[in-house]
Q: 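So that we are looking at the same thing, I have put the structure below in structure tokens.
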Amino acid sequence: MPTKWATALEQGSATLAPGTTAYTISGIRHRDGIWDGKPVASRHDVTFTVFIVCAPTYDACRLLRLSLLNEPLE
């Protein structure tokens, strides 16, 4: 969970649905393909935050939004 999520919950408690949370995901993006007839590959570190809402608001979790790539909620 982002360290600033507790502050976001305090500030948005009147408007956030029960069961709303955020998770920051870090990983490596692998890309392989052909460019101008030549094989190319790259690896890049990526980080983003997903905002979801689960029970008790919904029976199954739903994705609300994603942060911009490499601009996660801290």
Side-chain angles (χ1 to χ4, degrees):
M1 274 194 196
T3 56
K4 292 187 178 180
W5 183 241
T7 302
L9 284 176
E10 285 177 21
Q11 293 175 354
S13 62
T15 58
L16 291 173
T20 302
T21 194
Y23 293 103
T24 297
I25 299 166
S26 298
I28 299 173
R29 176 191 221 175
H30 298 267
R31 300 182 93 180
D32 292 297
I34 304 293
W35 185 261
D36 284 334
K38 298 177 184 172
V40 293
S42 65
R43 292 172 44 120
H44 304 278
D45 292 334
V46 293
T47 306
F48 58 94
T49 301
V50 294
F51 300 88
I52 60 173
V53 64
C54 297
T57 299
Y58 298 112
D59 291 333
C61 295
R62 297 182 184 193
L63 176 66
L64 298 175
R65 63 179 269 196
L66 299 170
S67 71
L68 292 173
L69 190 60
N70 294 325
E71 292 188 25
L73 179 65
E74 295 176 15

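All residue numbers refer to positions in the sequence shown, counting from 1.
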Q: Quick check: closest heavy atoms across P56 and G19, and the distance to 0.1 Å?
A: CD-N, 4.1 Å

Q: Quick check: do V50 and I25 have side-chain heavy atoms less than 4.5 Å from each other?
A: yes

Q: Given 3.5 Å as the limit, does a donor-acceptor pair link the side chain of N70 with the main chain of T47, or not?
A: yes

Q: For the hydrophobic clusters of this structure (ILVMFWY residues joined by side-chain heavy atoms under 4.5 Å, transitively), does one cluster hold both L69 and L63?
A: yes

Q: To the closest 0.5 Å, what do you measure between CD1 (I52) and OG1 (T20)?
A: 9.0 Å

Q: Nearest 0.5 Å please: distance from the CZ atom of R31 over to the CZ atom of R43.
A: 14.5 Å

Q: Do you know the tightest heavy-atom contact between V53 and P18?
A: CG2-O, 3.6 Å

Q: To the nearest 0.5 Å, tell me how far L16 CG sits from Q11 CD.
A: 10.0 Å

Q: Evaluate V40 against I34 for side-chain contact (heavy atoms from CB on, under 4.5 Å), listing each step before the verdict.
A: CA-CA 6 Å; V40 293; I34 304 293; over 6 Å; no

Q: Any side-chain heavy-atom pair from W5 and T21 closer than 4.5 angstrom?
A: yes

Q: Check P72 against T49 and note the closest heavy-atom contact, atom names and distance.
A: CB-OG1, 3.2 Å

Q: Which atoms form the tightest heavy-atom contact between E74 and P2, and what is the distance?
A: O-CB, 3.2 Å

Q: Looking at every non-hydrogen atom in both residues, tell me the closest pair between F48 and L68 and how far apart they are.
A: CB-O, 4.3 Å

Q: More than 12 heavy atoms of other residues, nucleotides or ligands under 6.0 Å from CG of D32: yes or no?
A: yes

